[in-house]
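For clarity, every value in this text was computed on a predicted model and none was experimentally measured. Order of the sequence lines fixes the chain letters, A, B, ..., with proteins taken first and strands second; residue numbering starts at 1 for each chain.
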Amino acid sequence: MPAIRTTPADTAPGPQAFLAAQTRWRLVEILFWLALLSPFFLLPTYLTLASQIAITALFALSVDLILGYAGIITLGHALFFGIGAYTAGLVAKWGWGEAISGLVLAALAAGFVGYVTGFIITRVHHLALIMITLGLGLVAVEAANSASWLTGGADGLQGVRMWKLLGTFEFDLWGYSAYGYSLGALFVFFLISRRIVHSPFGLSLRGIRENLDRMPAIGAPSRARLHKIYVISAAMAGVAGALLAQTTETVSLETLGFQRSADVVIMLILGGTGRLYGGIVGAIIFMIARDQLADMNPQYWYFWIGLLLVAVVLFLSNGILGGLDRLLPRRRGDA
Amino acid sequence: MNAPMLQTRGLDKRFGSLIVAQSIEIDLPQGARHALIGPNGAGKTTLINLMTGRLRPDAGQIRLGGENISALAPEARVKRGLVRTFQINTLFPHLTALEAVTLAVCERRGQAGRWWRKLSDHKDAIDEAHEILTSLQLAADCLRPTHALAYGQQRLLEIALALATRPKVLLLDEPAAGVPQGESAELFTAIANLPKDMAVLFIEHDMNLVFRFATRIIVLVAGAVLTEGTPDEIAADPRVREVYLGSAHHG
């Protein structure tokens, strides 16, 4: 077994050091985040795309918390993205164009819907879970469609006007503010997510994912835990939706749609689940591929995404980052 | 004798027409070392499932320390000190042994819902988990993922997870199941070292283990208690020999 390195007991790290090492920032992480600043200097014409990528990455991060860590498979998470988008859009349309408070309201609205639907979600598993998340997403699209007096229906929500960000930065056409804002939000919620997954709560989520049957036998209230992370994830998805609404100053039904729910899962699988960066890397690959391929071949670009998805699932253990992990022998926790 | 820690009264359960538990009455005093034996399909694991709340009895009561816990959820029974292990390893494959036991310790301390503090800051919990693993000879391999542990180590980890909850009553479901005779020494040590005041009920097919550790034996046949007594009484009981021990003589 070459993959497993056994270390003699006397040279192995102590239990404290082992667990502390898992939460330490690694150099590659710091470089990764610095690299995300590079579009400001290197690709200023692509800042709008970069902003969309950061927003999508935040959405993927929110799904990773429930899918990758807690094992809740969802095909309807755009429900919360859309609720966040419409909340932020409507608030701005009705005359309150302040961005940060818009995010907070969007998080509250999406979190509240997450709390209510969580009572169903945490009771079902496997196929039933996928179908219920899917069903709730479909219900939301049609509800928003029929409530066109509020949402603008198929025409989308028009008349969203944002104030200057923090009273200083205009949401300009080139996307400097938009990318700075989206990237900042992504980083803040990444820090929160990182703390969550390295906490005892995060460990208990992994326990639920690894063996739901054992959890009651160690005294764990699994359903309450799942409910909690579902609300957190919903709120985070809502923030991502709000960012999109605020930076594009419009909201379409597509924000709630099945395609968005499915795409985000594809991104997560491409990048690798249960590792926080998987969703971000997946979003970068997916969005750049779409941008490039759609230019060449607007109708068939999903063909290539589909092919890539099949190849990644077949040949890599856990997405692209899981594959990289195998190539680079340094395992987490090895001192 | 102390008042029973765990008590069942008139426990009934049927699956359709199949009776799996029939007016079962068991008393487990503090410090008990009772074995539950019986032929395959006698309902031994079902009884543990009834006691721990995985199954709901059709009738009857389960009392823990005098309190009726029949309506409590499984995790609430664990919090009150009624804990089990599993016949088939029911572990967390991709958690390290250390993480798994630390998780169980955090659950007991009511810290496992905390998301704002790092796990590595809970040094007491980690130390306690490591002590438990050390006492079961698992310390050297506790940083390896569970699925990479040897089978016998996984059996010990089953017990480690249970001990991390600090049980008052421990139900061991075939702790030695699948462990080759030559490798069962650590398991036997682990069972011998269980705290003296803990009430222990273990299901076991390995008669070496039963006659070595049990002070009383309960014989379950077709969902009902056939008889209960000291190992000598059970070994001498012709009915037990007939249904369970066959002609072989143990003890």
Side-chain angles (χ1 to χ4, degrees), chain A residues 1 3-24 65 69 192-225 227-229 232 274 318 331-335, chain B residues 52-54 73-80 83-86 89-96 98-123 125-127 129-130 133 139-148 158 161-162 164-165:
Chain A
M1 292 183 293
I4 298 156
R5 236 196 291 166
T6 48
T7 24
D10 52 339
T11 60
Q16 305 282 359
F18 171 79
L19 291 175
Q22 298 194 342
T23 62
R24 204 166 294 139
L65 286 181
Y69 285 91
I192 295 172
S193 304
R194 201 174 187 283
R195 176 49 62 96
I196 290 174
V197 304
H198 289 140
S199 70
F201 174 57
L203 179 60
S204 79
L205 294 178
R206 286 164 62 208
I208 292 170
R209 181 194 68 195
E210 290 293 314
N211 198 336
L212 185 63
D213 272 352
R214 183 72 199 216
M215 291 304 278
I218 59 170
S222 300
R223 200 177 285 164
R225 296 277 158 70
H227 207 155
K228 190 161 150 185
I229 194 64
I232 293 172
N318 178 12
R331 300 278 313 165
R332 59 178 194 162
D334 274 6
Chain B
T52 55
R54 263 161 86 95
E75 61 267 24
R77 301 184 194 199
V78 172
K79 286 256 181 276
R80 283 166 173 75
V83 184
R84 69 172 298 179
T85 66
F86 292 82
N89 284 337
T90 304
L91 302 167
F92 307 107
H94 291 92
L95 299 190
T96 63
L98 177 68
E99 285 171 327
V101 179
T102 304
L103 171 59
V105 171
C106 286
E107 289 290 356
R108 191 197 76 234
R109 295 173 168 221
Q111 298 171 336
R114 288 186 179 179
W115 61 268
W116 59 93
R117 276 189 67 195
K118 281 191 266 188
L119 178 69
S120 51
D121 288 346
H122 295 72
K123 295 192 188 303
I126 298 169
D127 283 339
H130 195 254
L133 289 161
D141 290 311
C142 75
L143 304 185
R144 296 173 66 187
T146 300
H147 66 79
E158 272 285 336
L161 286 176
T165 66

With sequence neighbours left out, the residues meeting side chain to side chain donor-acceptor pair (under 3.5 Å) with A:Arg214 are B:Glu158
Most heavy-atom pairs under 4.5 Å with chain B, out of A:Ser222, A:Pro15, A:Gly207, belong to A:Pro15
Looking only at A:Gly202, A:Ala224, A:Gly219, A:Ala217, most heavy-atom pairs under 4.5 Å shared with chain B are made by A:Gly219
Heavy-atom closest pair (A:Lys228 atom, B:Gly113 atom, distance to 0.1 Å) is NZ-O, 2.6 Å
In terms of heavy-atom pairs under 4.5 Å with chain B, the winner among A:Leu203, A:Leu205, A:Ile196 is A:Leu203
May I ask you to test the B:Thr96-B:Thr146 pair for a side-chain heavy-atom distance under 4.5 Å? no
With the side chain counted from C-beta on, respond yes when A:Ser193 and A:Leu65 share a heavy-atom pair under 4.5 Å apart, and no when they do not.
yes
Honestly, the part of B:Asp121 sitting under 4.5 Å from a heavy atom of chain A is neither
Problem set entry | Flag side-chain contact, heavy atom, 4.5 Å: B:Arg77 against A:Pro216 | no
- Query: Stepwise, does the side chain to side chain donor-acceptor pair (under 3.5 Å) test hold for B:His122 with B:Arg114?
  - Reply: CA-CA 11 Å; B:His122 295 72; B:Arg114 288 186 179 179; 3.2 Å; yes
Whatever's closer than 4.5 Å to a heavy atom in chain A on B:Cys142 counts as neither
Among A:Ser204, A:Ala20, A:Ala220, the residue with the most heavy-atom pairs under 4.5 Å to chain B is A:Ala220
Per-residue tally against chain A (heavy atom, under 4.5 Å) across B:Cys106, B:Pro93, B:Ala104 peaks at B:Pro93
With chain A, the option among B:Val83, B:Leu91, B:Thr52 that has the most non-hydrogen atom pairs under 4.5 Å is B:Leu91
_I'd like to check A:Phe201 versus B:Leu119 (side-chain heavy atoms, cut-off strictly below 4.5 Å). Are they in contact?_
no
Bottom line for B:Leu161: the part with an atom under 4.5 Å from chain A's heavy atoms is both
Applying side chain to side chain donor-acceptor pair (under 3.5 Å) to B:Glu75 and not counting sequence neighbours gives none
Under 4.5 Å to a heavy atom of chain A? For B:Arg80 that would be neither
Bottom line for A:Thr23: the part with an atom under 4.5 Å from chain B's heavy atoms is side chain
